[in-house]
Protein chains: 2
Amino acid sequence: MPQPPRRRRSSISDVARLAGVSVGTVSNVLNRPQRVSAATRERVQAAIAELQFVPNGSARQLRVGSVTTAGAIVLDLTNPFFTDVARGMEDRLAQDDWTLMVASSEEAPEREARFRRLFEQHGVQGVALVPSSEDVAPLLALHERGVRVVLLDRPSPVPQLASVAVDDVAGAAMAARHLLAQGHRRLVLLNGPRTILQCADRSAGVVAALTEAGLDPAEALEEVTVTLNAAGGERGAREVLARRTGRGPVAVFCVNDLVALGVLRTLRREGVDVPGEVAVVGYDDVSYAAELTVPLTSVRQPTHDLGWTAADLLVRGGAAESVVFQPELVVRESSGGGAAG
Amino acid sequence: MPQPPRRRRSSISDVARLAGVSVGTVSNVLNRPQRVSAATRERVQAAIAELQFVPNGSARQLRVGSVTTAGAIVLDLTNPFFTDVARGMEDRLAQDDWTLMVASSEEAPEREARFRRLFEQHGVQGVALVPSSEDVAPLLALHERGVRVVLLDRPSPVPQLASVAVDDVAGAAMAARHLLAQGHRRLVLLNGPRTILQCADRSAGVVAALTEAGLDPAEALEEVTVTLNAAGGERGAREVLARRTGRGPVAVFCVNDLVALGVLRTLRREGVDVPGEVAVVGYDDVSYAAELTVPLTSVRQPTHDLGWTAADLLVRGGAAESVVFQPELVVRESSGGGAAG
DNA sequence: AGTCACGGTTGAAACGATTCATGGTCGAGT
DNA sequence: ACTCGACCATGAATCGTTTCAACCGTGACT
């Protein structure tokens, strides 16, 4: 078997030599073809084709400073919410002929830092990221170094950084109010780590709704920390079933739809009736929420717009704006909402 | 509002000046700290911290040649199948401390080409991609230029290129045989464009199964071309319902689960019974296939392993291997399989 | 004939890191 | 006193582009 070929890539000066022109002319053919006479241009282009010349991006970038590329760092690439956001970003970036590179931090601050560094070294114009920790210092530093930064899915805690978010407190409060309206008096919140702001906010929203209804959150709310995926939901559901005291139905509010999916899966396996015995509400309203065995009540976020707007801020790059969208509750069968009203 | 700061990033020579050493020494502190005396090292590190110095990746790369980064280009980032593959790649790459950059071609050859160029210019070691066209010439050229290339989810048509695939002909044949076993004699295949090899192969698999059962594919198979997402499924389903002649139940085989989701959604809206009136089979066995209103029969692929293996080939970079996995049929209610058997 | 403008081309400087041959210092060994 | 290594630090060369001042030849205008 042949060794993988690592023969030296041909450079602009190889092209120049072959075409019998100077390097500057080749560069002009590449970047301002109209400045070059048709004859030379063709000669150079023939040489480029013959040598299979591909400009060295590093060299170009070293000289020019940066490229029209943006990076996105999300918490979990397998969560449809984040891929929809990425899609929104791509749609906006495409308008200005920018490209997007996506990376997944898996909620690990070190991974996030690694990708931040990688993107910065690759000279991206800007980075949109869902922070995996509360510490904004490294992001401010990044911004100071001239890389545009937009916080995704959480409001910026500092005025220097732009952000695009959805009001998580309001969204969670809507969900909790809805469950209270169904007659529930005790809620279980399957939540992620509080270090992720979205999780903290959703918790706060539930607490607000309970308080507003005259209930004592310390009594009425039980919060279980789970991983933000279906496996987490399965574990959470087992926990809920184990702790379930005899009295009455339980309401489970899941921090996202993947968790809710895990919950529904486990409840179905255990033969637990939804919403009769356990009511379930999710968050994000992923595309298949309405098509599940028990259609899932969920809090819809303007996912695509979120990404679109983030990318828009990156491209426009003006002052640091903070945009906040409002979520919307979509009531379906899993919370008993359709019937009870 | 302050203008976005674009003050010059500090360079290695700024650090050298501040620390009172030469640039070579700073570089040594960065890359072989043990070669530098403790005192100087600390002085340099202090300077680095003070200036918030981040090495310029372009310059480094220009000098050194390449970075430990791989790129992946998939057809659709919002399809769970591809994100699972990406996850598998990341898992393997992390072992060697490589990083992954993901891009989505949206099945458009020009977009794919754009990302190929971008990745190459960024100096990635290798690219794993799901080709959006049949033309391997540009991929061979890329390989010639020293970038490792692995074809994802399709076998390589040429010996020079490595590939990791799942046997789509076999998978589709399994699905078709299953539907035939349920008594169906006419199949509708909601397929993507034939230019995508997976689509062509799945069609071939169905044809093979029909022929094998003594049926004439020209008679028994109706193929409808749709987009590879839920919207495509919805359109396909409407098409199927419109064309439906009175006689008997219909079997619909969808090229992937997103399409199947769209089909199920439309059938539910139209009040069509699944699997009684229309049997549905999907492809990919996405995570939520079992939890849908009507649990979906689907062809499972070793998604994670697919990505893992592709990344493994990239990292190891030896001879061009071709790996083929076998798929597996998962029978659920949507095809009537559970009951009729 | 002389001047000017202009399109086309040139070639060297610059970007910021890595590398490596060279040089300097110090202590130990003869 | 002198040599020799060991250990550190130096700084020039290098990677492949882009950019820009300078140059050249031609044709138009005075």
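Just so we're on the same page: letters track the sequence lines, and every chain starts at 1. Since this is a predicted model, take the numbers as computed values, not measurements.
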field: Comparing B/A39 and A/A59 on DNA chain D - which has the more 5′ nearest nucleotide
entry: B/A39
task: Classify every nucleotide of nucleotides 4-10 of chain C by which part a protein heavy atom approaches to under 4.0 Å, writing B for the base, S for the sugar-phosphate alone and - for neither, in 5'-to-3' order.
output: ----SSB
- prompt: Which whole-number value in Å describes the distance from B/L62 CG to C/dA14 P?
  reply: 17 Å
field: Rounded distance (Å) that lies between atom P of D/dT17 and atom CD of B/Q61
entry: 13 Å
- request: Take atom CZ of B/R17 and atom P of D/dT10, then tell me their distance rounded to the nearest Å.
  value: 14 Å
field: Length of the line joining B/L30:CG and C/dT19:P, which is rounded to integer Å
entry: 11 Å
message: Rounded to whole Å, how long is the line connecting atom CG of B/N56 with atom C1' of D/dC15?
response: 13 Å
Salt bridge (charged side-chain N to carboxylate O under 4.0 Å, His left out) between B/R114 and B/E110, worked out: CA-CA 6 Å; B/R114 192 150 147 252; B/E110 323 82 58; over 6 Å; no
field: B/S11 side-chain N/O to C/dA17 phosphate OP1/OP2 under 4.0 Å
entry: yes
Side chain to side chain, B/W98 and B/R92, heavy atoms closer than 4.5 Å: no
message: At less than 4.0 Å, is any side-chain N or O atom of A/S27 found next to OP1 or OP2 of D/dT18? Yes or no.
response: yes
field: Donor-acceptor pair, side chain of B/Q198 and main chain of B/D153, under 3.5 angstrom
entry: yes
Validation row: B/L228, B/D76 side chains within 4.5 angstrom (heavy atoms): no
Backbone N/O of A/L314 and side chain of A/R148: donor-acceptor pair under 3.5 Å: yes
- prompt: Expressed in angstrom and rounded to an integer, what is the separation of B/E120 atom CD from D/dT17 atom P?
  reply: 11 Å
query: A/R60 has an atom CZ; how far is it from atom P of D/dG16, in whole Å?
result: 17 Å
query: Can you tell me if the side-chain N/O atoms of A/R63 get under 4.0 Å from OP1 or OP2 in C/dG16?
result: no
message: Working note: A/D96 + A/R316, criterion salt bridge (charged side-chain N to carboxylate O under 4.0 Å, His left out); need CA distance, chi angles, decisive distance, verdict.
response: CA-CA 10 Å; A/D96 283 45; A/R316 297 211 329 267; over 6 Å; no
query: In whole Å, what is the span from the CG atom of B/D14 to the P atom of C/dC15?
result: 11 Å
query: Under the 3.5 angstrom rule, does the side chain of A/R87 hit a backbone N or O of A/H304 as a donor-acceptor pair?
result: no
